[in-house]
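Labels below follow one simple rule: chain letters A, B, ... track the order of the sequence lines, proteins then strands, and each chain is numbered from 1.
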There are 2 protein chains.
Amino acid sequence: MATQPRSTDDILREALEANGQRFTEQRAAVYHFLASTRSHPTADEVYLQVRSAVPVISLATVYKSLETLVGCGLAVKLTYGDGSARYDGRTDPHHHARCLSCSRIVDLPGQVPAEEIEELHEDTGSFQVTGYRLEFTGYCADCAAERRGASEAMAHG
Amino acid sequence: MATQPRSTDDILREALEANGQRFTEQRAAVYHFLASTRSHPTADEVYLQVRSAVPVISLATVYKSLETLVGCGLAVKLTYGDGSARYDGRTDPHHHARCLSCSRIVDLPGQVPAEEIEELHEDTGSFQVTGYRLEFTGYCADCAAERRGASEAMAHG
DNA sequence: GTATCTGCAAATTTTTTGCCAGTAG
DNA sequence: CTACTGGCAAAAAATTTGCAGATAC
């Protein structure tokens, strides 16, 4: 039995090689940060964070690295029409929820209802479905509490 | 029984007034175009199309009008990480599917599985869900056919 | 050794803004 | 009449690109 790759560097190296790309310190730093955070950072946020771990890296390189990772399937690009794209390095299946109040994006603890979604595939006419993305909007715990507080205060006049 | 508003202008006027906004020719033109197309245009595409219907309108006004419509709930802003945002003026419930090959966005004939999605709401931890967005990725009829053709040609060597 | 990658800064693309005149209500 | 809008062009923000030196393999 061959040993499975285990470290994030091993995973990255394999994915890169499978796509004919080279393993570099910058890409490793970007990937390592992405895989370790749940904050769904923008390219700029990745840049700021990674700079503290790598001697030197440029914003352009961060953009290039992020696109490389997306191309290798190691990251997902998320957009919400609020200016900048966000990246998610978590590859296990999960959904996102975006807070309408503070714009934070949180991972939902609930898991993928794959079977239910797949029922829908049958009903998509001539469109051949290969994947889907389910996103929720609403209010995160903090903002929901604030809103409750606000409407109570209102009710009490 | 009061007469229900029926024309797109009436709908627009009511929605604008409900949000303290004024009814203008430019907003009407943008809304009318959005509501009548299934093409999910970018702001720039709206601009080009609307210019042929309205004496004069600027791109900046199109942007402002689109955001106004979104604010009034008469349009939905869609983003797909490929540069520019797209707008959808259809307010009836439906889902979108994006073709991975030609990037076209099509409306899915399938309807909203509201009950199934609502089951998920219960499992979203502390996040208070108010809405969701379900998007499919895959291949539209044309591109799916092309791909089939391509792989058959390959198989035949 | 060579093709690929990085860094830099400039270019491009998309979206927003300030200000004055025009218009809806 | 008065506040809100639209047009213009400039600004801002996000992302991409070209090129020369550095680096992975």
Subject >> Toward the 5' end of DNA chain C, by each residue's nearest nucleotide, B:Thr42 or B:Glu17 >> reply: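 On the 5' side of the pair lies B:Thr42.
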
Let me know the distance between [atom1] of [X] and [atom2] of [N], rounded to the nearest Å.
X	N	atom1	atom2	result
A:Glu25	C:dG7	CD	C1'	14 Å
B:Arg27	C:dT23	CZ	P	15 Å
B:Lys64	C:dT17	NZ	P	9 Å
A:Ile57	C:dC5	CD1	C1'	11 Å
B:Tyr47	C:dT16	OH	C1'	16 Å
A:Lys77	D:dA14	NZ	P	13 Å
B:Leu66	C:dT16	CG	P	10 Å
A:Leu12	C:dC5	CG	C1'	14 Å

Any idea which of [options] is nearest the [X] side chain?
X	options	value
A:Tyr63	C:dT15, C:dT23, D:dT15	D:dT15
A:Leu59	C:dC8, D:dG7, D:dT15	D:dT15
A:Ala85	D:dT15, C:dT16, C:dT2	D:dT15
A:Gln21	C:dC5, D:dA14, C:dG7	C:dC5
B:Arg22	C:dC8, C:dA24, D:dC8	C:dA24

Original post:
Between B:Glu67 and B:Lys77, is the closest basic N to carboxylate O distance under 4.0 Å?
Top reply: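 Counted as a salt bridge, because a side-chain N and a carboxylate O are separated by less than 4.0 Å.
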
Original post:
Taking for each residue the nucleotide of DNA chain D with the nearest heavy atom, is it B:Thr24 or B:Ala60 whose nucleotide lies nearer the 5' end?
Top reply: B:Thr24

Original post:
When you match A:Ala43 and A:Phe23 each to their closest nucleotide on DNA chain D, which lands nearer the 5' end?
Top reply: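 Its nucleotide being nearer the 5' end, the pick is A:Ala43.
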
Is any side-chain nitrogen or oxygen of [X] closer than 4.0 Å to OP1 or OP2 of [N]?
X	N	value
B:Gln26	D:dG7	yes
A:Thr61	C:dG7	yes
B:Arg13	C:dG25	yes

**OP:** Can you measure from CG (A:Leu48) to CG (A:Leu59) and round to the nearest 0.5 angstrom?
**Re:** 8.5 Å

**OP:** Measure across B:Leu34 and B:Pro41 and return the closest heavy-atom pair with its distance rounded to 0.1 Å.
**Re:** CD2-CG, 3.9 Å

Original post:
For residues B:Arg27 and B:Tyr31, is any side-chain donor paired with an opposing acceptor at under 3.5 Å?
Top reply: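 Result is no, nothing qualifies.
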
Original post:
When you check the side-chain N and O atoms of A:Asp107 and A:His40, is any donor under 3.5 Å from an acceptor?
Top reply: yes

